Number of protein chains: 2
Amino acid sequence: MPKQAEKVRRAPLSRDRILRAAVALADGTGIESLSMRNLAQDLGVVPMALYKHVANKDELVDGMIDVVVAEIDPPEPGDWKQAIRRRILSARQVLLRHPWAPLAIESRSTATPAVLAYLDSTVGALRAGGFSTDLAHHVMHAMGSRVLGFSQELFDATRQAGRSGATVPEPPADLPPEMAARFPNLAAIATAASHDGDSVVGPGCDDQFEFEFALDLLLDGIERLHRNGWTSHRTL
Amino acid sequence: MPKQAEKVRRAPLSRDRILRAAVALADGTGIESLSMRNLAQDLGVVPMALYKHVANKDELVDGMIDVVVAEIDPPEPGDWKQAIRRRILSARQVLLRHPWAPLAIESRSTATPAVLAYLDSTVGALRAGGFSTDLAHHVMHAMGSRVLGFSQELFDATRQAGRSGATVPEPPADLPPEMAARFPNLAAIATAASHDGDSVVGPGCDDQFEFEFALDLLLDGIERLHRNGWTSHRTL
DNA sequence: CTTGACTGGTGTACGGCGTACACCTAGCCT
DNA sequence: AGGCTAGGTGTACGCCGTACACCAGTCAAG
């Protein structure tokens with residue numbers, strides 16, 4: 001009875017199974033080699049079978065984003081600043097596991113419900129901390145994508161990993177000399193960072209440190225505005 | 001002599017002409033309808049002709065980015081804070097004219113020389129203002145993509161325009177009621193913004209204001225660190 | 001003045017993509 | 001038993017980027 005054997009060996013395909021396989025595929029080989037055909041092959045199924053469960057590729061990616069967002073820790077009660085800080089750092093950890101996600105999230109034109117729910121609960125934490133809707137609004141804009149755990153670096157190794165698959169840790173790699181000559185200021189900060197042994201090792205600078213530096217810069221500024229009863233009706 | 005007529009009516013195609021046509025096409029119809037074939041047609045030429053001037057599509061996009069970056073005002077001498085603020089706001093104006101550019105820039109894995117030159121001169125402005133290489137380094141990370149004039153909004157009308165072509169100004173559009181019920185905190189800040197007549201009109205919130213709010217929040221925080229002689233060897 | 005190399009536009013073709021559409025099959029309800 | 005339906009299949013279309021062979025001028029060297 002090969003019939004039964006086949007049935008047993010292949011779980012019956014579902015939106016959920018498709019999304020998980022898609023996330024795994026993107027994690028492993030990069031978002032740009034995620035195609036309906038590859039994904040179907042991974043699932044042992046013909047490409048068109050997927051369309052019985054997802055409307056099209058865009059909707060597939062939306063679903064993948066929701067899977068990722070669901071991995072972020074739920075909010076904890078307590079001081080707004082600590083709560084938001086912890087949540088954002090948790091989001092960052094999640095996105096480090098899914099390096100394709102930032103680009104995917106940004107390339108969507110409208111947020112998915114799961115992202116909206118995440119943002120909503122973050123605003124909730126601010127309001128619970130006594131923020132006016134006015135200030136809460138501007139704060140959300142100011143945080144931008146950082147609230148979802150990624151800073152938009154122009155020069156981001158993680159981003160690169162998202163494209164080409166698993167991260168291969170690169171050698172420290174100072175700028176090549178002709179670059180250093182053309183961009184002396186970049187060279188200065190790059191070499192300072194990579195030779196500054198006590199806070200960094202390896203790839204030149206400590207991404208986690210940079211992320212927290214920027215995050216705290218924003219949070220401290222926000223706290224100051226909040227304490228001073230800032231409102232958009234007066235000047236900053 | 002149709003030969004000469006043809007020659008006159010069609011300029012001889014060059015990398016520069018291709019890049020400009022590509023930027024115009026992306027500005028007009030969105031980056032996702034920029035294909036080698038469409039572009040060639042706009043130029044009255046067969047697709048493969050482009051490959052005599054650009055190596056491939058990725059390199060084409062790199063060139064387009066350089067065209068855009070070249071439109072940013074050159075740095076002005078003077079107080080670092082004013083200089084950087086002005087420059088970044090200029091970058092923002094440029095990117096508003098090319099809404100496809102942020103996504104294009106971010107999707108590149110390595111920065112183009114023009115972008116590096118821009119970043120280098122920005123670092124130069126900081127160092128001229130007395131910043132240590134250490135602090136300048138962290139500042140660049142903290143600013144992230146904002147230094148190039150775009151904040152990474154999760155909910156960005158401009159981004160949408162970049163995908164589908166010219167911006168059609170939408171009606172004010174409060175959240176639909178079932179959204180408001182599911183995301184009460186987002187609803188609160190959204191309706192507050194769109195009904196708050198004295199600072200905003202139209203699409204719900206004033207993007208320029210939000211951008212400057214975040215920018216000044218960062219710049220003020222940075223200024224404070226700078227005044228206090230901050231260094232990464234001590235705690236923040 | 002010929003010739004041969006070089007530059008730049010052309011035509012054809014291939015493999016990959018997303019997905020429309022018709023089909024088939026198994027299980028379930030009546 | 002008969003038909004409905006959910007879900008997997010096969011084929012096909014139009015788009016994409018681009019490899020490769022070709023060909024028309026231009027221009028320098030013989």
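Model, not experiment: these values are computed from the prediction. Below, read A as the first sequence line, B as the second, and so on, with proteins coming before strands; counting in each chain starts at 1.
Between K52(A) atom NZ and dG10(D) atom C1' the separation is 12 Å, expressed in whole Å. Rounded to whole Å, atom P of dT9(D) lies 9 Å from atom CG of L13(A). Rounded to an integer number of Å, the gap from L43(B) CG to dG9(C) P is 10 Å. Atom CG of L60(A) and atom C1' of dG18(C) are 12 Å apart (whole Å).
For the salt bridge (Lys or Arg N to Asp or Glu O under 4.0 Å) test, residues two or more places apart in sequence or in another chain that qualify with D16(A) are R20(A). Partners of R37(B) by side chain to side chain donor-acceptor pair (under 3.5 Å), not counting sequence neighbours: none found. Partners of R97(B) under the salt bridge (Lys or Arg N to Asp or Glu O under 4.0 Å) rule, at least two apart in sequence or in another chain, are E71(B). Listed by chain and residue number, nothing satisfies the salt bridge (Lys or Arg N to Asp or Glu O under 4.0 Å) test with D120(A) (two or more places apart in sequence, or in another chain). Every residue two or more places apart in sequence or in another chain was checked for a salt bridge (Lys or Arg N to Asp or Glu O under 4.0 Å) with R182(A), and none qualifies. The side chain to side chain donor-acceptor pair (under 3.5 Å) test applied to T133(B) returns no partner, not counting sequence neighbours.
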Scan nucleotides 15-19 of chain D against the protein and return all N/O pairs shorter than 3.5 Å with their distances rounded to 0.1 Å.
from, atom 1, to, atom 2, distance (Å)
dC16(D), OP1, S35(B), OG, 3.0
dG17(D), OP1, M36(B), N, 3.4
dG17(D), OP1, K57(B), NZ, 2.9
dG17(D), OP2, M36(B), N, 2.9
dG17(D), N7, R37(B), NH1, 2.3
dG17(D), O6, R37(B), NH1, 3.3
dG17(D), O6, R37(B), NH2, 3.2
dT18(D), OP2, Y51(B), OH, 2.9
dT18(D), OP2, K57(B), N, 2.9

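Residue pairs that meet the salt bridge (Lys or Arg N to Asp or Glu O under 4.0 Å) test with at least one member in residues 86-95 of chain B, sequence neighbours left out, are E76(B)-R86(B).
In summary, the aromatic rings of F211(A) and H141(B) are positioned with their centroids too far apart to meet the 6.0 Å limit.
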message: Could you write out DNA chain C as dot-bracket? Rules: Watson-Crick or G-U wobble, both distances under 3.5 Å, brackets [ ] for crossings, | for pairs with another strand, dot for unpaired.
response: ||||||||||||||||||||||||||||||
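The shortest distance between the side-chain N/O atoms of H53(B) and the OP1/OP2 oxygens of dG9(C) is below 4.0 Å.
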